[in-house]
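Order of the sequence lines sets the chain letters (A, B, ...), proteins ahead of strands, with each chain counted from 1.
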Protein chains: 2
Amino acid sequence: MSETHAIDSLSQRLADSGLRATPQREVVYNVLLKKRDHPTADEVFARVKTELPTISLATVYNCLETLVQCNLVRAVNFERSPTRYCPNLQPHAHFHDEQTGRTFDIDLPPEVLNQVNTVLPHGFDASSVEITFRGKASSSPS
Amino acid sequence: MSETHAIDSLSQRLADSGLRATPQREVVYNVLLKKRDHPTADEVFARVKTELPTISLATVYNCLETLVQCNLVRAVNFERSPTRYCPNLQPHAHFHDEQTGRTFDIDLPPEVLNQVNTVLPHGFDASSVEITFRGKASSSPS
DNA sequence: GTAGAATTTGGAATTATTCTAATTCCTACT
DNA sequence: AGTAGGAATTAGAATAATTCCAAATTCTAC
């Protein structure tokens, strides 16, 4: 996928959501496409500034959020909300209810855990896995 | 598992790591065992204060970190480090190299994704799943 | 009992992010 | 072409979560 192509799809996506394709948004998106090392907002800010020296950090945050909303970018460590603690040491996943903010433990059968571990290529040695669902919990146990 | 029992295992675990069993650590741990709703550090602080009114927030953070290190507690939203962004929209997991701090995309075959989704009980409607490995990446591509 | 280490404390500092209000930029309409 | 009104950007202040620090306290071992 050429960069220009990608930018076209950016304009398209933005337009679909009734948003404008601005230079800032384009440069932010390009920066993400060019070096796919999961940069932080600060790192994006630094890279974008070489092309748009007057851009502000707030704009970078705005653009990133816009791109996430348009489904062009994923935020990897969501949850700027505080770290949560749980004493359940059995292998389990978490379900985060987006409406209530509550977090539920979801039992994780060994065979599922095993299969998940098979996706790691040679050379990746995982000491832990975290599986987090997000969505709506309709019937809510305790 | 009775509470007393749990506290015994707490002393044990702490001792194993050459750490002391203090009232603060015990109360923090008990608070986590008593109400398993994945509280934040602030919430733990509030609950602990009813029993130890003079405890400080810094101590709560210290105790929580100690408990996590002793493998008695899991931190659910690790990563107090900044949110990271990636333009890869294919279903994929992430591998976080604890030594270098780098994050790698790990391809996620549909059948694995499907199996992961089967763990959700009735009433949980997930709009997204996040799978994050942590560990050591020995051979490191790109 | 006392030295030395571990722990706790309160407050300051830091970090990531969001808010705010003012300005600039577009777009659509005349 | 000129302008009203909304969208986007900007800089800096504000906030929230967490960590740091230095002093006081508490243990533990001798």
Quickly work out the [X] [atom1] to [N] [atom2] distance and round it to whole Å.
X: Asp42(B); N: dA16(D); atom1: CG; atom2: C1'; result: 9 Å
X: Leu14(B); N: dC27(D); atom1: CG; atom2: C1'; result: 14 Å
X: Glu43(B); N: dT18(D); atom1: CD; atom2: P; result: 11 Å
X: Glu26(B); N: dC27(D); atom1: CD; atom2: P; result: 11 Å

Using modelled atom types and a 3.5 Å cut-off, is there a donor and acceptor pairing between side-chain atoms of [X] and backbone atoms of [Y]?
X: Ser17(A); Y: Arg13(A); result: yes
X: Arg134(B); Y: Ser127(A); result: no
X: Thr132(A); Y: His94(A); result: no
X: Glu43(B); Y: Thr40(B); result: yes

**Message:** As a test of understanding, state which of Val60(B), Thr59(B), Thr66(B) forms a side-chain contact (heavy atoms from CB on, under 4.5 Å) with Gln24(B).
**Reply:** Thr59(B)

**Message:** Does dT19(D) have its OP1 or OP2 closer than 4.0 Å to a side-chain nitrogen or oxygen of Tyr61(B)?
**Reply:**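 It does not, given that no N or O in the side chain of Tyr61(B) lies less than 4.0 Å from OP1 or OP2 of dT19(D).
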
**Item:** Under 4.0 Å protein heavy-atom contacts per nucleotide of nucleotides 4-11 of chain C, with B for base, S for backbone only and - for none
**Value:** -BBSSBBB

**Prompt:** Can you list the residues that meet the salt bridge (charged side-chain N to carboxylate O under 4.0 Å, His left out) rule with Lys35(A), with sequence neighbours excluded?
**Reply:**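 In terms of salt bridge (charged side-chain N to carboxylate O under 4.0 Å, His left out), with neighbours along the sequence ignored, Lys35(A) is linked to Asp37(A).
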
